[in-house]
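Heads up, the thing below is written out as structure tokens.
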Number of protein chains: 2
Amino acid sequence: MPLDPLSSTFAALADPTRRAILARLALGETSVMELAKPFDMSLPAISKHLKVLEHAGLISRGREAQWRPCRIAPSSFKQVDGWLGNFRRFWDESFNRLDGLLEEMKAEEAAKAPPHTTRKVRVKKEKQRGRTRG
Amino acid sequence: MPLDPLSSTFAALADPTRRAILARLALGETSVMELAKPFDMSLPAISKHLKVLEHAGLISRGREAQWRPCRIAPSSFKQVDGWLGNFRRFWDESFNRLDGLLEEMKAEEAAKAPPHTTRKVRVKKEKQRGRTRG
DNA sequence: CATTTACTTAGCTCATCGGTTAAATAACCT
DNA sequence: AGGTTATTTAACCGATGAGCTAAGTAAATG
């Protein structure tokens, strides 16, 4: 019984070899041989890893003569990011819209009031770092 | 030999029960009993899942009388998000620089109307993080 | 056609994982 | 103290996962 897509994807990402393969592929499409080079591991092992990555939707594979070039496939990454988004507010303080609005209001206010509010402004800027929606 | 932190975290996320637990915890801190309720599963099983989540740095646990309240812990989420960031350009079109510049230009153009002094800053941040609200 | 190159499949081992039940621990409540 | 409630630990089991070697497939090349 196959796992749900998100589970397969996370499972695929839970292996350092596979993450290293993805990191290499982020630099561009390449062959299995090329991908295998950095690892002290048999070729079949790499082949399995690629199968796992493919099944997880993290890579796709083409055919060029005897080579099977691999490349990053976006969709599963996107899904992981989407899932992670449900929790973003826990670490990205400025993610929350209310927070964002508040910060903005403070900024507006601080923009009028000069020097003694500097500290507050700096705090605000730090919180705002990473705020991407609004 | 324990896995590297990122591997443990991804491994922890690769289970639907554990992701459901996290989803519940996103609504707020709660007890093991409460967390176990939705699942057709023994309590020890849940206890194990929580141990995995804790070891993965995804939750932390307190002590209140006989309860061990669980809550989301931000750090590992953050790390996952950070790792994912290396690949964001593959699915988030507005992440890449050219696109970002384009967005900025558009924003500048559209800036005739709205009365925000902080506008420019916000656009810039958006470009940096590469995420815009669609 | 035979060989080389690039991979994949098959079959094995061993460790880990997700689940179980039964028993242990811990704190509260008569 | 004795019991109830909340949770963990122990011991086990079947399935899966990551690695191996050896053999199989597929396409270019001598």
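These figures come from a predicted structure and were not determined experimentally. Protein chains get the first letters and strands the later ones, always in sequence-line order, with residue 1 at the start of each.
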Problem set entry | Selection: residues 24-52 of chain A, any non-hydrogen atom under 4.0 Å of DNA chain C |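 Those residues whose heavy atoms fall under 4.0 Å from DNA chain C, taken from residues 24-52 of chain A in numerical order, are A:Ser31, A:Val32, A:Met33, A:Leu43, A:Pro44, A:Ser47, A:Lys48, A:Lys51.
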Rounding to a whole Å, what distance do you find between [X]:[atom1] and [N]:[atom2]?
X	N	atom1	atom2	value
A:His55	C:dT9	NE2	P	13 Å
B:Leu3	D:dG19	CG	C1'	15 Å
B:Ile59	D:dT7	CD1	C1'	13 Å

Between the protein and nucleotides 24-30 of chain D, list the N/O to N/O atom pairs that are separated by less than 3.5 angstrom.
residue	atom	partner	partner atom	Å
D:dA28	O4'	A:Gln66	NE2	3.4

Exercise. Under 4.5 Å between any side-chain heavy atoms of A:Ile59 and A:Leu25, yes or no?
Worked result: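 Result yes, sub-4.5 Å side-chain heavy-atom pair found.
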For this session: Hey, could you give me the CG/CZ distance between A:Leu35 and A:Arg24, rounded to the nearest 0.5 Å?
Result: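 CZ of A:Arg24 is found 6.5 Å from CG of A:Leu35.
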Exercise. How long is the span from the OG atom in B:Ser75 to the CZ atom in A:Phe90, to the nearest 0.5 Å?
Worked result: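 Here the interatomic distance stands at 13.5 Å.
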Problem set entry | Ion pair A:Lys48/A:Asp15, N-O distance below 4.0 Å |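 Here A:Lys48 does not pair with A:Asp15 in a salt bridge, since their nearest N and O are not under 4.0 Å apart.
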Exercise. Do the ring centers of B:Trp83 and B:Phe87 come within less than 6.0 Å of each other?
Worked result: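 They qualify: ring centres under 6.0 Å apart.
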Problem set entry | Distance-only side-chain donor-acceptor flag, A:Arg71 / A:Thr30, under 3.5 Å |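 A:Arg71 vs A:Thr30: no donor-acceptor pair found between side chains.
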Exercise. Among all residues two or more places apart in sequence or in another chain, which pass the side-chain hydrogen bond (donor to acceptor under 3.5 Å, both in side chains) test with B:Ser47?
Worked result: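 By the side-chain hydrogen bond (donor to acceptor under 3.5 Å, both in side chains) rule, B:Ser47 matches no residue at all.
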For this session: State plainly whether one hydrophobic cluster holds both B:Val52 and B:Phe77, where clusters connect Ile, Leu, Val, Met, Phe, Trp and Tyr through side-chain heavy atoms under 4.5 angstrom apart.
Result: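 They do not share one cluster, since no chain of ILVMFWY contacts under 4.5 Å joins B:Val52 to B:Phe77.
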